[in-house]
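Beneath this line is the structure, given in structure tokens, with notes to follow.
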Amino acid sequence: MDNQDLLERIQSLVEEEHRLRDSEGSENDAARLAQLEAQLDQCWDLLRQRRAKKDAGGNPDDAEPRPVSEVEGYRQ
């Protein structure tokens, strides 16, 4: 997955998140929102990793998605 693919995935997840937040929420919607937030955190983290590797002269394709438990603990 390259940076453009990641950005498109992020956009898709954000659009779904906005649709769910704008609807009359159910318990299923709340669970899906939590999943979306976790997936977004993973995607943003992977994009940052890829950009950092490229800026440091490395191969962005060496970046690996980190587990949700790791990226959820980051401070913004």
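Hydrogens, waters and symmetry mates are skipped; everything else that's a heavy atom, side chains included, is used. We count residues from 1, following the sequence as given. Keep in mind that this is a model prediction, so the values were computed, not measured.
Interatomic distance, CG of D2 versus CD of E8, reported as 8.0 Å (0.5 Å rounding). Atom-to-atom distance recorded for L47:CG and L6:CG is 5.5 Å, nearest 0.5 angstrom. Between Q11 atom CD and C43 atom SG the span is 12.0 Å, to the nearest 0.5 Å. Distance check: D62 CG to Q49 CD gives 10.5 Å after rounding to the nearest 0.5 Å.
Looking at K53 and E64, no side-chain N of the basic residue comes within less than 4.0 Å of a carboxylate O on the acidic one, giving no salt bridge.
Proximity of Q42 to R66: side-chain heavy atoms (C-beta onward) are nowhere separated by under 4.5 Å. Taking 4.5 Å as the limit, some side-chain heavy atom of R50 sits within range of a side-chain heavy atom of D61.
Under the 4.5 Å side-chain heavy-atom criterion for grouping Ile, Leu, Val, Met, Phe, Trp and Tyr, L7 is connected to L36 within one hydrophobic cluster. In the hydrophobic cluster analysis, where Ile, Leu, Val, Met, Phe, Trp and Tyr join through side-chain heavy atoms closer than 4.5 angstrom, W44 is grouped together with L46. Neither L33 nor V71 shares a network with the other; the hydrophobic side chains, linked directly or stepwise wherever heavy atoms of I, L, V, M, F, W or Y lie under 4.5 Å apart, form separate groups for each.
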*Quick one: do L40 and V14 satisfy side-chain contact (heavy atoms from CB on, under 4.5 Å)? Show the steps, please.*
CA-CA 8 Å; L40 279 165; V14 167; 3.8 Å; yes
*asked:* One pair to check against side-chain contact (heavy atoms from CB on, under 4.5 Å): R19 and E16. What are the steps and the verdict?
replied: CA-CA 5 Å; R19 279 192 304 272; E16 183 178 354; 3.6 Å; yes
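Side chain to side chain, Q35 and Q39 fail the donor-acceptor criterion of an N or O pair below 3.5 Å.
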